[in-house]
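One structure is given here, and the rest of the page talks about it.
Just the heavy atoms: all of them, side chains too, but no hydrogens, waters or symmetry mates, feed the values below.
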Amino acid sequence: MAMIGISAIGFLLSDGEKRRVRWIRAMRRCLLRMNGIIRYEQPELPALLERIDLRATPQERELTRLLHGCAARLRTSSSPQLMLLFAGETARLPGYGVLSEEDRSAFEGVLAELGRTRLPEQIRLLDSADERLRAREEELERESGRRARIIRTLGVSLGAAAFLILI
């Protein structure tokens, strides 16, 4: 029982390494969706944020909830600064905290500029941010895969050691 429990902890911790990658994938899907909406519908900023409706993963659902919260606050705010509203929303979300500043910078940089520039500049900004997030996703995928294997191996080894000690 101890062996299985300790091994399971190793697998659980290794899954945590993949959360950053899943958040970045959610951000990339969000940017892709924003790009399509801006390109073809050209809505106002609150309407753009309300149109984002990603539901495939828990991270996408949380990101959708954050953006919808920002849209609601934008409609009632006297000084609409999306980046400040988004920072306020993410402060209450513990899962978003797994991301480093480097992970968040491309996505949050887009939020700081959305609605302030013309359409071609916004599309260029979205494409640039998506490219940076793609490169970051690939880098994290390699790193997290390596770390996850080490953590799983360590968990199984510690589980085996606990089994041997308890015999």
Side-chain angles (χ1 to χ4, degrees), residues 4-39 45 48-74 81-117 122-160:
I4 293 171
I6 293 173
S7 297
I9 290 172
F11 279 87
L12 182 67
L13 291 174
S14 72
D15 183 57
E17 289 294 317
K18 298 287 187 177
R19 276 186 292 188
R20 287 174 68 190
V21 175
R22 288 191 294 261
W23 268 103
I24 289 178
R25 283 185 186 140
M27 288 176 183
R28 287 191 63 211
R29 289 225 22 218
C30 185
L31 290 178
L32 180 65
R33 181 72 177 125
M34 282 180 184
N35 194 335
I37 292 171
I38 288 172
R39 194 178 297 251
L45 187 55
L48 167 68
L49 298 176
E50 289 170 347
R51 293 288 316 262
I52 305 296
D53 192 24
L54 304 172
R55 302 282 177 191
T57 65
Q59 289 80 17
E60 289 178 2
R61 286 190 292 275
E62 284 298 319
L63 196 54
T64 296
R65 189 185 61 73
L66 288 171
L67 293 175
H68 287 185
C70 289
R73 291 180 63 195
L74 267 176
Q81 294 180 354
L82 178 57
M83 188 55 225
L84 295 176
L85 295 175
F86 188 76
E89 292 289 323
T90 58
R92 295 183 293 227
L93 182 67
Y96 192 75
V98 300
L99 296 169
S100 69
E101 185 64 35
E102 188 178 356
D103 298 339
R104 294 186 295 225
S105 66
F107 186 74
E108 291 177 356
V110 168
L111 295 180
E113 295 299 320
L114 270 181
R116 301 172 116 191
T117 58
Q122 287 183 28
I123 291 172
R124 182 189 53 76
L125 183 68
L126 287 167
D127 290 340
S128 171
D130 184 52
E131 182 58 33
R132 284 185 286 158
L133 282 173
R134 185 196 57 73
R136 187 72 181 145
E137 178 185 356
E138 289 175 358
E139 177 185 338
L140 283 175
E141 186 74 41
R142 283 190 305 274
E143 288 177 13
S144 67
R146 188 173 36 243
R147 281 195 308 262
R149 277 192 304 278
I150 290 170
I151 291 170
R152 283 192 305 262
T153 303
L154 185 60
V156 169
S157 300
L158 288 174

(message) Is the shortest side-chain heavy-atom distance between Arg25 and Gln59 below 4.5 Å?
(response) no
(message) Using 0.5 Å steps for rounding, measure from the SG atom of Cys70 to the CD atom of Glu50.
(response) 11.0 Å
(request) Report yes if some heavy atom in the side chain of Trp23 is under 4.5 Å from a heavy atom in the side chain of Asp103; otherwise report no. (result) no
(request) Please tell me if the side chains of Arg136 and Arg28 come closer than 4.5 Å, counting only heavy atoms from C-beta onward. (result) no
(request) Go through the steps to decide whether Leu32 and Leu126 satisfy the test side-chain contact (heavy atoms from CB on, under 4.5 Å), and finish with yes or no. (result) CA-CA 8 Å; Leu32 180 65; Leu126 287 167; over 6 Å; no
(request) Would you name the heavy atoms of Ile24 and Leu133 that are closest together and state the gap between them? (result) CG2-O, 3.5 Å
(message) With heavy-atom distances below 4.5 Å as the criterion, would you say the side chains of Leu54 and Ile52 are in contact?
(response) yes
(request) Return the set of residues passing side chain to side chain donor-acceptor pair (under 3.5 Å) with Glu138 (not counting sequence neighbours), or none when no residue passes. (result) Arg134
(message) Ignoring hydrogens, what is the shortest heavy-atom contact between Ala26 and Leu63? Give both atom names and the distance.
(response) O-CD2, 3.6 Å
(request) Grab the two heavy atoms, one from Leu67 and one from Leu49, that are nearest each other, plus how far apart they are. (result) O-CB, 3.6 Å
(request) Any chance you could measure Glu108, atom CD, to Glu101, atom CD, to the nearest 0.5 Å? (result) 6.5 Å
(message) Assess whether a salt bridge exists between Asp130 and Arg132, defined as any Lys/Arg side-chain N lying under 4.0 Å from an Asp/Glu carboxylate O.
(response) no
(message) As an exercise, state the distance from CE of Met34 to CZ of Phe107, rounded to the nearest 0.5 Å.
(response) 4.5 Å
(request) Decide yes or no for Arg22 and Pro58: does some side-chain heavy atom of the first lie under 4.5 Å from some side-chain heavy atom of the second? (result) no
(request) Show your working on side-chain contact (heavy atoms from CB on, under 4.5 Å) between Arg33 and Arg51 and close with a plain yes or no. (result) CA-CA 9 Å; Arg33 181 72 177 125; Arg51 293 288 316 262; 3.4 Å; yes
(message) Using every non-hydrogen atom in the two residues, find where Ile37 and Leu48 come nearest and quote the distance to one decimal.
(response) CG2-CD1, 3.4 Å
(request) Mind listing the closest non-hydrogen atom pair of Arg116 and Gln122 along with its distance? (result) N-NE2, 4.2 Å
(request) State, yes or no, whether a side-chain contact exists between Leu99 and Met27 at a heavy-atom distance under 4.5 Å. (result) yes
(message) So which atom in Ala129 and which in Val110 form the shortest heavy-atom distance, rounded to 0.1 Å?
(response) CB-CG2, 3.2 Å
(request) Run the salt-bridge test on Arg55 and Glu60 with the 4.0 Å N-O cut-off and return the result as yes or no. (result) no
(message) Within the 4.5 Å heavy-atom criterion, are Ile123 and Asp127 side-chain neighbours or not?
(response) yes
(message) Salt bridge or not between Glu139 and Arg142? Use side-chain N to carboxylate O under 4.0 Å.
(response) no
